[in-house]
Structures are given as structure tokens and as C-alpha cells.
Amino acid sequence: MINITFPDGSVKQYNDGITSIEIAEQISPRLAKEVYAATVNGEVIDLTRPINSDATLKLHKWDDVEGKHAFWHSSAHLLAEALESLYPGIKFGIGPAIENGFYYDVDPGEGKAITDNELVVIENRMKELAAKNLAFIRREVSKEAAIALFSKKGDQYKVELIGELEDGTISLYTQGSFTDLCRGPHLSSTEPIKAIKLLNVAGAYWRGNEKNRMLTRIYGITYPKQKLLDDYLLFLEEARKRDHRRIGKELELFTFSPRVGMGLPLWMPRGAELRQNLINFMTKVLKKRGYAIVATPHIGDVNLYKTSGHYEKYGKDSFQPMSTPQEGEQFMLKPMNCPHHCEIFNATPHSYRDLPYRMAEFGTVYRYEQSGELHGLTRVRSFTQDDAHHFCRPDQLKEEFKSIIDLVQFIFKAVNLSEFTAQISLRDNENKEKYIGSDENWEKAEKAIIEAAEEKKLETTVVLGEAAFYGPKLDFMVKDAIGRKWQLGTIQVDYNLPERFDLTYNGSDNQKHRPVMIHRAIFGSMERFIAVLIENTSGKFPLWLAPEKAVVLPISEKFNDYALKILDFLNNSDICTLIDDRSEKIGKKI
RNA sequence: GCCGAUGUAGCUCAGUUGGUCAGAGCAGCUGAUUUGUAAUCUGCAGGUCGGGGGUUCGAAUCCCUUCAUCGGCUCCA
């Protein structure tokens, strides 16, 4: 007998070798019908795998991510089976579950393509197969056997994957006539898969590397009930109505013109008013918080960016330098404001007493984005950052960083953007050559961010390899109408530019010291922020923000009160208590 | 940039297999009416069917090319 501990702490005894599904059956037959996977001793496994020792057990129904994932991952295998029967000789890459549904990357063969209108045929085949209630059968094999199996089939992608796995950890799953390399877990059978929709086809590079062959990715979603699928499709339809490109056109906020150039937004009067309202509000808040507003040119000498290191990193992928007619100079459209701000800092001597020096600019920058990356206002080639740089003493770094977290939260609240996630982006220690600066400084910077976020009790996810090339960062992401995440605010710690620009301040010891630099943007860019704001509010703005004639709808009375306070603030009455004003505590007086 | 798709009046869209296929609704303008609040009715105007080239007696409809857009991939200082 073995002891099984349930999530509520209760313990029951079962025969050695019992499976999760059998346990579920004993609890209630209905539960058994609704569970899709189980977490046993912390590992998510198939319901049909025997349990041979004392264990903790959690059964996953549809409501659990683990349940959905088993469901969708199994659906991906079903898709693969359908594809194999319809396209003989098709090769398979990977086919995981994702946040909403699943996909499978396939190679239909040289010169062949799978197009949108074939999806319904594939979908129907999936339905036929699912209706057969075929069991997913797991089997563990040696590496040699696995390679032999997939080599024989000609699945070079699978062979490549197996090559990187450790012998003894390789499992295969078979349903019907289809066998796939897979870690699992899976449903017990295809039976629960009742509603199936293939959503679209897209290209995707094998292993995410653009040097590799491009495979065909088929996205789909499945549900245990048709109603759930109908609801999801309805949601997508509704979401499309909130698309900022659509609302932007309807409300005449902005437009694009091929004659002006792709990715170059044109703000129409009402959009410009909205944008200006945001800028005005932010400017007042920044002044209250001890920022100095500066302005810098739209171009800069190439050597400026060589000094900063940006040229080496991004020069080839930027709008190329322009030359002057006579002097032989080279200038670039500025892709970022930081180097200019460093030179402003350098223009005057600084005492340790005067730090932090907070320098802000609504700076328009120009970045060459590949044509296929452009997307409404969220990804453009010309955009205006609400950029700022804090030059501070090392001992001020953390407090300064925390004050910016406050600011982000305050600003997001002011526009009623309540749902955002915070992501800490660190260096990828495997690929250090992608980054500049010493290990010591990187470690200090990363530590500062992690601690600041912790002390602000900010819920964060940590992602390795997403740092900027000069430093780690904390990003604030907001979802658009259909759930894509966009980075808005960002706070970045940088020890490198101060070195490169030889920035100094005089310490209390009358010696030169190196300041630490924080790069930060709250909106991120006016363009993207407004885009995401539109999609989150369906184009209904708080009173203080709305352009003339736009629909003003306070979302809730609670928010309305807040919005009115902001209006007062903008009208210069003295209600500044709504801002957690840290500048007096830690900043220089203005 | 790569894979797939799309591109018809300001907007949303119809246009079967190439031959009255250049249309409708909304918006706009005109006039009338007034049962008032996204009013009703009359009339008008709006497009060389994204651009260019080709096939054909004839193309919005087929082919090529180019531009732009959409969904992804890659990238995102």
C-alpha cells in the first residue's frame, strides 16, 4: 500500500501501482471524466501512469493550466496525425501547447505549402480521428531506438531533437497510427476533444533561428465543449473591434500613408490632442518629482553612437548615416536619447549633493524595423519616448529605482491601466559576449533591480537573456485586445554609459566619482502606450485625457474620483497628495 | 527580411465559372418634412476595382511584378 496526500492535506491509502485516473474514479466517476492530468510529487504526468510510492497528488481539470496544457498538447498530436494522413511524407518539428491552444511546426516538403483554406479539411480529419477515442499510449525507448525509428520515417527534425536528449529520458506517445517524440503528459485518449478549430497558418523558423529552414506553423485551439469554443471565437471577434488600428481610424486619431513611408505614424488633430494631454500630464508629474526637462536634436554625429557602443551593436540595423555635402561629416537619425543626455550631464560639473540628477525628454527616435515587424502604433519606425535618465550615486541607486516603480504604478493607475505584469530581464550568462561591461557591474545592477522589485513587493517574472546590451532592466508589460504582451514602461540600470562618456561627480572626499545611470520610460513610447491604452479601454478615455468629442466614460466611480483629482492637479490647484512624492525625501529640491 | 493571406467609393462590404460588374448600406452634399434627439423622405456626387506589365476579341475577375496591409517567425537599443 502507498499513501497519497491530496492538496487539502488529507491522506489516503491505495494499492501500489494505482493510477491517478483510478484514484479519480474512486473519488467520483464524474471527476474522472473531468480530469486531464495529474501532478504527482511535483511532476505533471499522465493520468494512466502508475504511482509506485508515497506521493502527493493533485488532479488537474480544465480549469488548471496543467489540465489545459495536457488537453492542448494532445490536440497538437491529433493535428499531427491528421496532417500525416492528409500529407504523406510531411515532416514534423515541434508541437507544444501555448497560452491559448497549441501549434505544430511542420515541413510539408520542398515547394509545397499548406494554406488557410486547407485548414477546414485538416480540422474535419481531426474531428474524425478524435471521435475514434484513440488512447494515447506512452512508451519509453532508448536513444538508439528512437533515432532509428525517426530516421526510418525520415523525420530529420525529430532526429535532431533526439540527438540532444539524454539516453534514458526518451518517451514516445502513440495514438492511432501516429507516434511522436514527446515528454508528455497527455490525455488518456482523444475522447474529451470535442470542439476543434484551426486558427491560422504562419511561417516559423526551425528552432527559432532565422538561418534555418522556415517551417509551416499551424495554430489551433480545442475545447471539451462546443460552447467554450464558440465563446472563445466570439471573444476574438469582440477583441478585433477594440483593435487600436480600427478605433484609431474611427476616432480619427492617427493614420499612415505609404507616401510618407511605412511605420511612420501621422497624428491627426484629435490623436495629437490625446497625445499632448498625456505629455502635459506627465510633464507636470515629472516637474513635481524633480526632473529637469531637456531637449536634444533628432540627429547626432556617428561618433556619438560609436562612443556609446550603440553603433557597434545596432549600426548595421539602423537607418544608415547621412553625409553632409562638404565637410565629410556623418550623422545618424537618433535611435535613442541616452548619449545626448550624457553629454548634457557632462556639460556642467556635479557635486554629490546635487545627485540624483533626473533628466527627461519627450524624445522622438528613429529605428529601422524590418518591414514585417511593423504593427499599427505598437511597432513603428518613428516614435516618441517619454525618456529620462537618472544620474545618481551608487548608494542612491536602489531608492531611485524604487521611486520609479512608484511612478510607473501611479501613471498606470492614472489612465486606469490596472492589468500589467512586471518582468525582470537579466543577462544570459551563457552568451556574455552579447553584452558590454564588467561582470562585477552587471552583478551589482542585477542585484539592485531584484532587490528594489522585492522591496516594492512587485510581482515579477525573471527572464534570462532579455537584458539590454548595457544593463539589466525591469519592464512593465500590458496585453493588447487579443492578449499579445507589449512592453510599455522600462527601468534599466546602466554602469556602462557613464564609463564610456566618462561621467563624473565630485564626492564628499573631493575626488571624482562615477555616477550610476538609470534609463527609464513610463509610457515607453507615446505611440505604443496610446495603442495599448485604446485596446484596453475600447477607445473610451478618462475625462482629463480625452480629446474633444471623444467618448468619455469613467470606468468606475472609484476611478472617476481619481480622474477628477488628476484634473484638479492639471488645473494647478494644489492637490498633489495623490502623488507619492518621494522627490523631497530623496531628490534634490526644486 | 522570411512564410502565408489580403488590397473594389471616406467607412463596412456585394460582385457566381473573365463578357451591361463598376454596385449596396452608412458617411457627405441638396431639397422637403417635422411624428425631437444614431430622425424620415427626394435628389446629387464619390472608384481608371492599390500601382505597373502581360494573356485575351474582352479582366475587378487569369498570369507576372511592385507597393501597402493582416496573421505569425526572426528582431526589438
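Letters A, B, ... are given to chains in the order of the sequence lines, protein chains preceding strands, and every chain is numbered from 1.
- One can place CD1 of A:Ile221 at 17 Å from P of B:G71, the figure rounded to the nearest angstrom.
- Residue contacts shown for A:Arg245 are limited to sugar-phosphate atoms, with no base heavy atom under 4.0 Å away.
- The only option from A:Lys112, A:Arg213, A:Lys158 that meets the salt bridge (charged side-chain N to carboxylate O under 4.0 Å, His left out) definition with A:Asp107 turns out to be A:Arg213.
- At a cut-off of 3.5 angstrom, counting only N and O atoms as typed in the model, there is no donor on one side facing an acceptor on the other between the side-chain of A:Arg367 and the base of B:C76.
- A:Glu373 has no carboxylate O lying under 4.0 Å from a charged side-chain N of A:Arg367, or vice versa, which leaves the two without a salt bridge.
- Set against B:G71, B:C76, B:G4, the side chain of A:Thr115 has B:G4 as its closest nucleotide.
- Using a 30° and 60° split on the angle between ring planes, A:Trp486 and A:His375 fall in the tilted class, from 30° to 60°.
- Residue contacts for A:Gly309: at a heavy-atom cut-off of 4.0 Å it reaches no nucleic acid atom on any strand shown.
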Could you go through residues 85-101 of chain A and list every donor-acceptor pair under 3.5 Å that involves a side-chain atom there, pairing it with any protein atom two or more places apart or in another chain?
| from | atom 1 | to | atom 2 | distance (Å) |
| --- | --- | --- | --- | --- |
| A:Ser85 | OG | A:Ala82 | O | 2.8 |
| A:Ser85 | OG | A:Arg125 | NH1 | 2.6 |
| A:Tyr87 | OH | A:Glu118 | OE1 | 2.5 |
| A:Lys91 | NZ | A:Gly89 | O | 3.2 |
| A:Glu99 | OE2 | A:Lys479 | NZ | 3.2 |

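- The aromatic rings of A:Phe476 and A:Phe412 stand perpendicular to each other, their planes meeting at an angle above 60°, with 30° marking the opposite boundary.
- Atom name C1', nucleotides B:A9 and B:C44: the rounded distance is 15 Å, in whole Å.
- Checking B:G71, B:A68, B:A77 against every side-chain atom of A:His310, the shortest atom distance belongs to B:A77.
- When the C1' atom of B:G72 is taken as reference, atom CG of A:Asn209 falls 17 Å away, rounded to whole Å.
- Side-chain proximity of A:Glu369 to the nucleotides B:C75, B:A5, B:G71 is greatest for B:C75.
- Residue-level contact check: A:His375 touches the backbone only, with heavy atoms under 4.0 Å from sugar-phosphate atoms and none from bases.
- We find that CZ of A:Arg240 is positioned 15 Å from C1' of B:U12, with the value rounded to whole Å.
- Rounded to whole angstrom, the span from the CD1 atom of A:Ile98 across to the C1' atom of B:G71 amounts to 13 Å.
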Look for any protein N or O under 3.5 Å of an N or O in nucleotides 1-3 of chain B and output each such pair with its distance, or none.
| from | atom 1 | to | atom 2 | distance (Å) |
| --- | --- | --- | --- | --- |
| B:G1 | OP2 | A:Ser371 | OG | 2.1 |
| B:G1 | N9 | A:Gln370 | OE1 | 3.0 |
| B:G1 | N7 | A:Gly372 | N | 3.2 |
| B:G1 | N2 | A:Tyr205 | OH | 2.5 |
| B:C2 | O4' | A:Tyr205 | OH | 3.4 |
| B:C3 | O2 | A:Gly203 | N | 3.0 |

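- Judged purely by distance below 3.5 Å, without hydrogens or angles, the side chains of A:Asn209 and A:Asn212 never pair a donor atom with an acceptor atom.
- The glycosidic torsion of B:G18 lies more than 90° away from 0, which places this base in the anti conformation.
- Atom CG in A:Leu119 sits roughly 17 Å away from atom P in B:G71 (whole-Å rounding).
- In this structure, A:Lys334 reaches neither bases nor backbone, as no heavy-atom distance under 4.0 Å exists between it and the strands shown.
- For A:Phe523 and A:Phe529, the ring centers are positioned less than 6.0 Å apart.
- Remark: A:Arg484 is in phosphate contact with B:G72, judged by side-chain N or O atoms under 4.0 Å from OP1 or OP2.
- For A:Trp206 and B:G72, the CH2 to C1' distance is 18 Å, given to the nearest whole Å.
- One interatomic measurement links the two molecules: OH of A:Tyr219 to C1' of B:G4, which rounds to 12 Å at whole-angstrom precision.
- The CG-C1' distance, from A:Asp116 to B:C70, rounds to 11 Å in whole Å.
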